[in-house]
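See below for the structure under consideration.
Starting from 1, each residue takes its place in the sequence as its number. Quick caveat: nothing in here was measured; it's all calculated off a predicted structure. No hydrogens, no waters, no symmetry mates; every other heavy atom, side chains included, goes into these values.
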Amino acid sequence: MGPYEILCGIVAVILAVYYYLTKNFNFWKSRGIRGPKPIPGFGNFKDVMLCNISMGDYLTELYNTYKDERMIGIFTRTTPVLIVKDPDLIKDILIKDFSVFSHRGLPVSTIAEPLSQHLLSLEPKRWRPLRINLSPAFAPGKVKDMFSLILACADHLVQYMENIASKNEPVECRELTAKYMTDVIGSCAFGIEMKALSNEDSEFRRMDRNEMTPTWTNILRTRARQIFPWLYGMLAYAHIIPLTEGTKFFTRVVVETMVYREKNNITRNDFIDILREMKKHPEILGDMYVEVTDSLLSSQVFLCFLGGFETSALTMSNAIYELALNQKMQDKLREEVDELYAKCGQGLTYNNVNRMDYLDKIFKEILRKYPPVTFLLRQAMSNYTFNGTTVSIPKGQKVWIPIYAMQRDPDFYPKPDIFDPERFNEEAVQSRHLMVYQPFGDGPRNCIGSRFAVHQTKLGLIKMLRNYRIEPCEKTPIPYVNNPGSFLLAPKGGLHLKIVKLNRT
């Protein structure tokens, strides 16, 4: 083969690759949907993929650039994605036409990622029966029953902070709240003492960090799974890509805990016991099309533990960050906490905490300004035409709802960068469309653990503010910068604050 033939072959390969990478790029233009021009190989996500900007910030830029559009058409590499901004259309997606958008479209692999078989990712056929059977673990009555366990962990947090405050040094508060949440989730959901607060070498906390810290290894693994899912699956099947340490750890812990309870006839009526019942009586799930395996059950624990502790830890650390920067608000909230103690002494109850109006406003405003999950994912289960429009999408179309951008839209929340709990007084809430506040999602596929998350965060804040003042220090990040390498909305470099013990007589 001569040089000319080789050159022609190279050109042919380049043209074929270029065609493959750009063949869908007229998808949105042909449907009359505006959006930014994609780049071959990256689509519209070059800076996100290279960790130059966080997903939340990028979607906010798009949201503001196409301010007057109800929908925006973008591409993740070669895949078209529809960003829906209009609150009425969002309501149709999440609630009215949920049957069409009941799938999140996330990948599930029993071999490459055994712990991906959880409620967040599962397709509707498996998600629905699991959701029905797991929901009782997070019902209001169950959360109320767990209140004393959460309270005990909050008391341990206060004791741990005694030593921290005595050092008079800046504290990385995201790590502090993560340890507290790790102890809460372990105690309430699984009956396991994590000892993340008292033990700096806690194995559970180490696994938390391994799985959730955006290291280059984790980022490259995620990118490989997204860009080359078929190759990733083949390499995992051949054991060339090993299971993560966290996958092995959580599977082992769940299996050993269930076996121990079975042998010793231990019943706690908690999350683990619900999983035990599923394993013993898989018929309660109906026709799930798959065997109820250890990895399927462990996946639910993995999501509950890592998802539950990480999002709540971020919310609590963001709350004390804003309270440190807004001392008058911190004083006002502390007055409400003191009033609560004056009425009930040390006997805090589930109902008393629920009646704390200013704490509730603080909590909601934190989730407005810093929603841990910056966008919701849905995938069309059939062809669909949006109500009141001529826009039609095919079965399998991915749809995103940019909640971080929407909750910072000045049309809904004037001066959105300002932290203002009064956005959630009754009059202000009534004046807004219900769909423009979505930190837990909405509809049947909303966050299953939202009630639990609310109470573990509020109790931690109550105990902390009752005993300590939180102040900014020289290492406090001002302004708050989002970490471009994190899937969740997280601060770059952590949140360093000063903790000062209050002198109470």
Side-chain angles (χ1 to χ4, degrees), residues 42 44-63 76 104 106-107 113 115-116 118 120-121 172-182 185 205-227 244-246 302-303 305-322 366-377 400-408 438-441 447 453 457 475-497:
F42 292 99
N44 299 114
F45 282 83
K46 177 176 72 71
D47 287 334
V48 173
M49 292 174 66
L50 297 177
C51 296
N52 294 326
I53 188 172
S54 71
M55 180 67 86
D57 288 331
Y58 176 66
L59 293 181
T60 300
E61 286 185 4
L62 282 179
Y63 184 100
T76 59
R104 284 199 173 95
L106 292 170
E113 303 284 343
L115 298 188
S116 65
H118 48 65
L120 187 68
S121 302
E172 206 293 281
C173 288
R174 190 182 167 203
E175 176 65 17
L176 172 66
T177 58
K179 289 180 177 181
Y180 162 64
M181 294 300 175
T182 299
I185 295 288
R205 184 67 194 111
R206 184 170 65 83
M207 291 301 159
D208 298 341
R209 297 191 195 98
N210 288 350
E211 293 297 319
M212 301 305 293
T213 302
T215 62
W216 278 109
T217 300
N218 288 344
I219 292 172
L220 288 173
R221 191 177 182 112
T222 299
R223 296 288 183 261
R225 185 170 63 247
Q226 293 171 340
I227 300 172
T244 65
E245 186 181 6
F302 181 75
L303 175 66
F305 187 73
L306 287 182
F309 106 80
E310 182 71 8
T311 55
S312 294
L314 283 168
T315 299
M316 186 173 171
S317 60
N318 288 332
I320 59 179
Y321 169 78
E322 284 291 348
I366 285 295
L367 288 178
R368 193 278 307 173
K369 192 175 180 182
Y370 306 100
V373 178
T374 59
F375 65 106
L376 304 178
L377 302 92
W400 292 359
I401 299 169
I403 59 176
Y404 177 77
M406 192 164 56
Q407 291 178 183
R408 288 182 176 237
Q438 295 291 336
F440 293 113
C447 176
T457 305
K475 295 180 68 176
T476 301
I478 303 175
Y480 187 110
V481 178
N482 296 328
N483 187 343
S486 174
F487 175 76
L488 298 175
L489 185 75
K492 185 177 182 180
L495 292 179
H496 289 83
L497 298 167

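With F440 as the partner, the side-chain contact (heavy atoms from CB on, under 4.5 Å) test is satisfied by one option alone out of V373, L367, I403: L367.
Residues T177 and A313 come closest through the heavy atom pair OG1-O, 3.0 Å. Residues P477 and H496 share a closest heavy-atom pair of CD-N, 4.1 Å. When all heavy atoms of A453 and T457 are compared, the closest pair comes out as O-OG1, 2.8 Å.
In this structure, the side-chain contact (heavy atoms from CB on, under 4.5 Å) partners of L377, at least two apart in sequence or on a different chain, are L106, F375, W400. Looking at residues two or more places apart in sequence or on another chain, you find no side chain to side chain donor-acceptor pair (under 3.5 Å) involving Y321. With sequence neighbours excluded, the residues satisfying side-chain contact (heavy atoms from CB on, under 4.5 Å) with S116 are V108, E113. Taking the salt bridge (Lys or Arg N to Asp or Glu O under 4.0 Å) definition, one finds that R104 meets it with nothing, sequence neighbours left out. Residues passing the side-chain contact (heavy atoms from CB on, under 4.5 Å) test with P491, sequence neighbours excluded: R174, L314, Y480, L495. Applying the side-chain contact (heavy atoms from CB on, under 4.5 Å) rule to I53 yields the partners D47, V48, D57, Y58, E61; only residues at least two apart in sequence or on another chain are considered.
From Y180, atom OH reaches atom CD1 of I185 across 10.0 Å, with rounding to the nearest 0.5 Å. Taking OG of S317 as the start and CD of E175 as the end, the distance is 10.5 Å to the nearest 0.5 Å. Here the CG-CG distance, from L497 to L176, works out to 10.0 Å after rounding to the nearest 0.5 Å. Here the straight-line distance linking atom CG of N318 with atom CD1 of I366 works out to 6.0 Å at 0.5 Å rounding.
A 4.5 Å side-chain heavy-atom check between P371 and L489 finds at least one atom pair inside the cut-off. A heavy-atom distance below 4.5 Å is not found between the side chains of L59 and Y404. Between K492 and S54 there is no side-chain heavy-atom pair separated by less than 4.5 Å. You'll find the side chain of L488 reaches within 4.5 Å of the side chain of E310, heavy atoms only.
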- Message: For a side chain to side chain contact (heavy atoms under 4.5 Å, CB included) check, start with the C-alpha distance between M55 and F487, then their side-chain angles and the critical distance, and finish with the verdict.
- Response: CA-CA 7 Å; M55 180 67 86; F487 175 76; over 6 Å; no
- Message: If you apply the rule side chain to side chain contact (heavy atoms under 4.5 Å, CB included), what do you find for R408 with K369, and how did you get there?
- Response: CA-CA 7 Å; R408 288 182 176 237; K369 192 175 180 182; 3.1 Å; yes
- Task: Please test T311 against M181 for side chain to side chain contact (heavy atoms under 4.5 Å, CB included), starting from the C-alpha separation and ending with a verdict.
- Result: CA-CA 9 Å; T311 55; M181 294 300 175; over 6 Å; no
